[in-house]
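Below you'll find the structure, written out as structure tokens, and then a few comments.
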There are 2 protein chains.
Amino acid sequence: MTPHPRRRRRGDDRREQIIDEALKAFADNGYRSTSIAEIADRCGLSQPGLLHYFPNKAALLEAVLDYRDRLDYDRLGFDQELHGKDALLRLAQLVDHNMHVPGLVRLFTVLTSEAVTADHPAHDWALNRYRDLQEFLAGALRAGIADGSIRREIDPAAVARQVFAMMDGLQLQWLVDPDNVDMAALFRAYIDELIAYIA
Amino acid sequence: MTPHPRRRRRGDDRREQIIDEALKAFADNGYRSTSIAEIADRCGLSQPGLLHYFPNKAALLEAVLDYRDRLDYDRLGFDQELHGKDALLRLAQLVDHNMHVPGLVRLFTVLTSEAVTADHPAHDWALNRYRDLQEFLAGALRAGIADGSIRREIDPAAVARQVFAMMDGLQLQWLVDPDNVDMAALFRAYIDELIAYIA
DNA sequence: GTCTATATAGCGATAGAC
DNA sequence: GTCTATCGCTATATAGAC
């Protein structure tokens with residue numbers, strides 16, 4: 001209450017609110033089908049009122065994606081230099097958690113698929129996101145090979161791609177039919193078998 | 001040339017042409033972002049001219065999905081009662097082939113992700129498609145268990161879901177970054193390991 | 001910082017002429 | 001079978017008042 005003008009500026013709150021509502025809206029209907037007027041409305045703003053904070057729709061999308069990446073990377077422990085199996089188990093934990101935030105999962109899934117066309121404003125984001133995730137896991141697997149906990153014959157880059165493919169594919173099936181797909185259990189079963197295979 | 005009016009009606013050609021162009025357009029930009037005027041234009045038709053063949057946009061989408069399903073199910077040999085490993089190898093062949101038809105793959109990927117919201121006109125299609133595919137493969141795996149070529153401990157329904165998850169996830173990565181993702185090789189490696197594991 | 005008003009463009013669908 | 005014309009609606013973005 002009584003927001004002190006020196007430290008807690010109103011503008012920053014508005015920005016956060018807009019990003020939050022935009023995230024939900026993009027997750028529900030994708031980027032192209034969501035109007036900024038609808039997002040503005042959910043914030044109790046007029047459409048030009050929203051455009052006071054973001055110059056255009058693409059800039060708003062970018063802010064949403066930055067926010068989402070920060071959440072995910074924090075949860076993954078991106079910087080923590082995890083070794084092979086630890087990184088895989090961390091991913092299984094992430095999928096467990098994702099079942100409680102369907103909105104975020106839907107945002108990622110809808111946007112990534114929408115962004116497969118090269119001219120989409122989120123195409124570079126999708127490309128870099130896969131590269132980052134793949135390098136994170138491939139690095140962890142290489143570390144596991146180095147310390148002898150993972151067999152030398154396995155291909156870290158290929159396994160990394162397969163793991164994220166399984167994760168995304170299960171997310172898609174879960175989103176389409178949430179009551180009949182236990183995403184976390186299916187992913188954990190895959191990870192357990194994979195760990196047994198690569199050890 | 002010189003189309004005989006009795007057998008080869010012009011209207012059927014037009015319908016096929018419209019479906020073909022609609023498929024490409026939906027694959028490029030999704031359903032919601034594609035206008036029927038744009039599809040009509042690619043066919044050398046006006047927008048009301050197109051609506052002479054399909055009463056509305058959703059009906060056109062349905063025709064496109066029917067067409068796509070027919071292509072896929074034919075290629076899978078849906079009716080042929082394949083046993084365990086044969087069905088898995090057939091899927092690997094399908095992924096090989098898919099690398100030559102990126103448009104069809106994109107159609108499926110973009111539409112399925114768009115259709116995760118329950119009100120989307122393709123939502124039921126996506127749901128039934130996964131159910132059909134999952135039952136096809138789960139049935140084949142059960143047949144493999146029955147004839148002793150697959151271990152009794154494996155869960156046919158779970159493995160079937162995982163296999164299609166891997167397929168879809170690799171498709172997504174391939175579409176985002178075609179030059180750096182060898183979808184067919186990654187899927188075949190997964191299938192080979194899976195066959196070794198379940199045998 | 002937020003508004004009203006508006007410019008400009010696109011959408012799906014229908015009516016009716018040829 | 002295909003067109004022009006048009007309705008009613010929605011979109012992004014800008015101009016300018018308060």
Side-chain angles (χ1 to χ4, degrees), chain A residues 2-22 24-26 28-64 110-111 114 117 119-122, chain B residues 2-23 25-26 28-65 110-111 114-115 117 119-122:
Chain A
T2 60
H4 250 194
R6 62 184 116 167
R7 182 128 204 105
R8 190 152 181 79
R9 297 209 315 272
R10 291 283 302 276
D12 287 2
D13 291 352
R14 268 286 193 226
R15 276 186 68 93
E16 283 175 31
Q17 182 194 17
I18 292 169
I19 288 173
D20 193 50
E21 295 295 342
K24 292 183 211 160
F26 290 156
D28 283 345
N29 298 317
Y31 171 73
R32 287 196 260 234
S33 310
T34 302
S35 70
I36 49 177
E38 187 190 325
I39 299 165
D41 197 53
R42 295 207 214 182
C43 297
L45 267 175
S46 69
Q47 183 250 25
L50 186 151
L51 286 179
H52 173 75
Y53 295 92
F54 300 91
N56 52 48
K57 197 183 171 185
L60 175 56
L61 174 62
E62 205 172 333
V64 169
V110 172
L111 275 186
E114 204 181 1
T117 49
D119 63 324
H120 193 282
Chain B
T2 62
H4 249 195
R6 63 183 116 166
R7 184 127 203 104
R8 191 151 180 77
R9 297 207 317 272
R10 291 282 302 275
D12 286 5
D13 292 352
R14 268 286 194 226
R15 277 186 68 93
E16 283 176 31
Q17 183 196 14
I18 292 170
I19 289 173
D20 193 51
E21 295 293 343
L23 192 153
F26 290 155
D28 283 345
N29 299 316
Y31 170 72
R32 286 196 262 232
S33 310
T34 302
S35 70
I36 50 178
E38 186 190 327
I39 299 165
D41 197 53
R42 294 207 214 183
C43 298
L45 268 174
S46 69
Q47 183 250 26
L50 186 152
L51 286 179
H52 173 73
Y53 294 93
F54 299 91
N56 52 49
K57 196 184 172 185
L60 174 55
L61 174 63
E62 205 172 333
V64 169
L65 295 178
V110 172
L111 276 186
E114 202 182 3
T117 48
D119 63 325
H120 193 282

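Every chain is numbered from 1 and lettered A, B, ... according to where its sequence line falls, protein lines coming before strand lines.
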(message) Between A:Arg42 and A:Lys24, is the side chain to side chain contact (heavy atoms under 4.5 Å, CB included) condition met? List the steps.
(response) CA-CA 10 Å; A:Arg42 295 207 214 182; A:Lys24 292 183 211 160; 4.0 Å; yes

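Here the nucleotide nearest the side chain of B:His52, chosen from D:dT12, D:dG1, C:dG1, is D:dG1. Of the candidate nucleotides D:dT2, D:dT14, C:dA13, D:dT14 has the atom nearest to the side chain of A:Leu51.
To the nearest angstrom, P of C:dA13 lies 10 Å from CG of B:Leu60. Atom CG of B:Leu61 is separated from atom C1' of C:dG12 by 15 Å (rounded to the nearest Å). Spacing between atom CD of A:Gln17 and atom C1' of C:dT2 amounts to 13 Å, rounded to whole angstrom units. One interatomic measurement links the two molecules: CG of B:Asp12 to C1' of D:dG1, which rounds to 13 Å at whole-angstrom precision. The CG atom of B:Leu50 sits 12 Å away from the C1' atom of C:dA13 (whole-angstrom rounding). Atom NZ of B:Lys57 is separated from atom P of C:dG10 by 15 Å (rounded to the nearest Å). Atom C1' of nucleotide D:dT14 and atom CG of A:Asn56 are separated by 13 Å, given to the nearest angstrom.
Taking all atoms of both residues into account, the shortest heavy-atom contact from A:Glu21 to A:Cys43 is CG-SG, 3.6 Å. The two residues A:Arg15 and A:Phe54 make their nearest non-hydrogen contact at NH2-CE2, 3.4 Å.
Residue pairs meeting the salt bridge (charged side-chain N to carboxylate O under 4.0 Å, His left out) criterion with at least one partner in residues 28-37 of chain A, sequence neighbours excluded, are A:Asp28-A:Arg106, A:Arg32-A:Glu114.
Scanning atom types as modelled, one donor and one acceptor separated by under 3.5 angstrom connect the side chain of A:Gln47 and the base of D:dA13.
When side chains are defined from C-beta on, A:Ile19 does not count as touching A:Glu16, because their heavy atoms never get closer than 4.5 Å. Annotation: side chain of A:Glu38 is in contact with side chain of A:Asn29 (closest heavy-atom distance under 4.5 Å). Between A:Leu45 and A:Ile18, the closest side-chain pair of non-hydrogen atoms falls below 4.5 Å.
Taking the salt bridge (charged side-chain N to carboxylate O under 4.0 Å, His left out) definition, one finds that B:Asp41 meets it with nothing, sequence neighbours left out.
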Enumerate donor-acceptor pairs with a distance under 3.5 Å from any side-chain N or O in residues 55-62 of chain B to protein atoms, sequence neighbours excluded.
{"from": "B:Asn56", "atom 1": "OD1", "to": "B:Ala58", "atom 2": "N", "distance (Å)": "3.3"}
{"from": "B:Asn56", "atom 1": "OD1", "to": "B:Ala59", "atom 2": "N", "distance (Å)": "2.9"}
{"from": "B:Lys57", "atom 1": "NZ", "to": "B:Tyr31", "atom 2": "O", "distance (Å)": "2.9"}
{"from": "B:Lys57", "atom 1": "NZ", "to": "B:Thr34", "atom 2": "O", "distance (Å)": "2.7"}

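In DNA chain C, runs of at least 3 consecutive Watson-Crick or G-U pairs, each pair with both distances below 3.5 Å, span C:1-18 with D:1-18.
Only A:Gly44, A:Leu45, A:Ser46, listed by number, bring a heavy atom of residues 29-46 of chain A to less than 4.0 angstrom from any atom of DNA chain C.
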Collect all protein-nucleotide pairs involving nucleotides 15-18 of chain C in which both atoms are nitrogen or oxygen and the distance is under 3.5 Å.
none

